[in-house]
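These numbers come from the heavy atoms of this one structure, side chains and all, not from hydrogens, waters or symmetry mates. When a ligand or atom number is given, it counts from 1 through the structure's own listing order. One is the number of the first residue; the rest follow in order along the sequence.
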Amino acid sequence: MNTIIINGADDEAFSDAAKALREGKLVAFPTETVYGLGADALNQDAVKRIYEAKGRPSDNPLIVHIAEVYKLKELVAEIPETAALLIEAFWPGPLTMVFKKSNLVPDIITAGLDTVAVRMPASPIAQRLIKEAGVPVAAPSANISGRPSPTTSKHVIDDLNGRIEYIINGGPCQVGVESTVLDVTTDIPVVLRPGGVTLEMLEKVLGKVDTDPALEIKGDKKPRSPGMKYRHYSPKAEMFLISGESDSIVKKINNLIKESSRQGLKVGVLTSRENAHKYSADVIVNAGSVKHAEQIATGLYDSLRTFDEKKVDIIYSETFEEKGIGRAIMNRLKKASSGKIIEADKEK
Ligand code: AMP
Ligand code: MG
């Protein structure tokens, strides 16, 4: 298949892509979180092709994207009070809510669940595409399943060129990690996946918000967001996270670098800007300053993909504070490393 890559500012090409989406084709497009791979959510054959193009397991449901609040009504059985408050506060934006679904939503979207996840993206390109297509748009991240999500059109091209009809180039994504997934079907809403809207922001609006206990990687509980059970967001090389006090982390990583280099391995390090100069390794990726966690989030997946490009054999990563957007950053790093965490302070 030929993939046409279009400039998001080219009006005519844009209309072609919107028309293709309406006609059941696959179109990758930028959102403020990551690039999405879109199909008409009400067209089962089109949605099936999303799973095929990504190699996505069929038991992992998709988020439906809308551009106008009134479109929510036809997709869901009810809109709880809490959801109405959150729509007011955070839509359009990086918050996905899980509702009881309406009969209109096909099973292939929800992987057979009786709930549906819906989001209204803030990115003007995403909004315009959904409006012009005139259909609700199912869109998971536009990457091959398991790989780091795409935050530039180049990432999408690397993964999906030749597998989908259109890729809209709209520059790099601002948030850089996926939306927060929040179940609003219970009295107290539950965070199923941390993301662009932080727990603190949700608590400000709602007071109490719960977190799915399965998000604690070490536990063996089944996550309620099916997608959270897979190894995910992963660079090709094996990755380890090092936790502890900053000084101990640096010392431990330097010891690990030496050990791996001695074994002839090409070593990558993911570090904060504050510590970047303290390492000597084959590939050192400065993720940004710990004082600006939102900037670390913006570049996170590009950082992880850099290790693939440089073909390192093993990656050691610092850990970041789990507050605010840091929760989403650490959730993705834990998934990317399959939960392999080395505690630096234990072995001084
Ligand atoms: P992605 O679009 O690839 O970023 O993944 C979407 C995330 O939303 C995955 O973790 C899904 O499991 C989750 N999700 C989608 N629909 C539902 C639903 N009905 N209930 C719970 N989680 C969902
Ligand atoms: Mg994804």
Side-chain angles (χ1 to χ4, degrees), residues 26 28-39 41 47 50-66 72 75-78 80 83 94-102 104-121 126 136-151 155-156 159-160 173 175-186 189-197 210-212 214-215 217 221-234 297 300-301 304-305 328 331-332 334-336:
L26 300 188
F29 60 98
T31 80
E32 73 278 20
T33 58
V34 304
Y35 273 71
L37 176 57
V47 175
I50 289 185
Y51 285 93
E52 287 164 4
K54 280 181 59 87
R56 182 175 175 107
S58 59
D59 65 348
N60 189 4
L62 304 176
I63 296 171
V64 180
H65 294 70
I66 56 175
L72 179 62
L75 301 171
V76 307
E78 58 174 349
L95 176 68
T96 296
M97 283 184 270
V98 173
F99 299 87
K100 289 259 180 264
K101 80 177 196 75
S102 75
L104 193 68
V105 179
D107 278 348
I108 189 162
I109 292 282
T110 65
L113 297 172
D114 61 0
T115 53
V116 62
V118 186
R119 171 165 114 81
M120 188 194 299
V137 175
S141 48
N143 54 314
I144 295 292
S145 246
R147 294 208 64 207
S149 300
T151 49
H155 296 161
V156 183
D159 279 19
L160 297 178
C173 302
V175 178
V177 290
E178 292 84 348
S179 59
T180 303
V181 179
L182 185 76
D183 184 349
V184 292
T185 63
T186 47
V190 185
V191 175
L192 306 185
R193 173 177 77 181
V197 171
D210 285 337
T211 299
D212 185 358
L215 286 178
I217 287 275
K221 296 184 193 72
K222 187 166 169 255
R224 282 164 54 190
S225 172
M228 298 312 287
K229 73 182 178 224
Y230 298 106
R231 177 166 185 255
H232 217 141
Y233 318 115
S234 304
L300 185 67
Y301 291 128
L304 293 179
R305 281 175 179 256
N331 170 266
R332 306 309 189 268
K334 285 177 189 173
K335 288 275 163 196

Is ligand 1 under 4.0 Å from a heavy atom in the side chain of [X], in the backbone, in both, or in neither?
| X | value |
| --- | --- |
| Asn60 | side chain |
| Asp183 | neither |
| Arg193 | side chain |
| Thr115 | both |

What protein atoms of element N, O or S are positioned under 2.8 Å from the Mg ion (ligand 2)?
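N, O, S partners closer than 2.8 Å: Ser141 OG.
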Test side chain to side chain donor-acceptor pair (under 3.5 Å) on Ser149 and Glu178 and set out the steps.
CA-CA 8 Å; Ser149 300; Glu178 292 84 348; 2.5 Å; yes
Element-labelled atoms of ligand 1 that are located less than 4.0 Å from some non-hydrogen atom of [X]:
| X | answer |
| --- | --- |
| Ser141 | 2 (O), 3 (O) |
| Ala117 | 15 (C), 16 (N), 17 (C) |
| Leu113 | 18 (C), 19 (N), 20 (N) |

[atom2] on [Y] to [atom1] on [X], rounded to 0.5 Å:
| X | Y | atom1 | atom2 | answer |
| --- | --- | --- | --- | --- |
| His155 | Cys173 | NE2 | SG | 9.5 Å |
| Thr115 | Ile109 | OG1 | CD1 | 12.0 Å |
| Lys54 | Leu26 | NZ | CG | 11.5 Å |
| Asn143 | Leu160 | CG | CG | 7.0 Å |
| Thr211 | Asn331 | OG1 | CG | 11.0 Å |

So which pairs with a foot in residues 110-121 pass salt bridge (Lys or Arg N to Asp or Glu O under 4.0 Å), sequence neighbours left out?
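Every salt bridge (Lys or Arg N to Asp or Glu O under 4.0 Å) pair that includes a residue of residues 110-121, provided the two are not neighbours, is Glu32-Arg119.
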With distance as the sole test, does Tyr301 use its side chain to make a donor-acceptor pair with the main-chain N or O of Val34 at under 3.5 Å?
no
For ligand 1, find out whether one of its N or O atoms is nearer than 3.5 Å to an N or O atom of Glu178.
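No - when backbone and side-chain N and O of Glu178 are compared with those of ligand 1, no distance drops under 3.5 Å.
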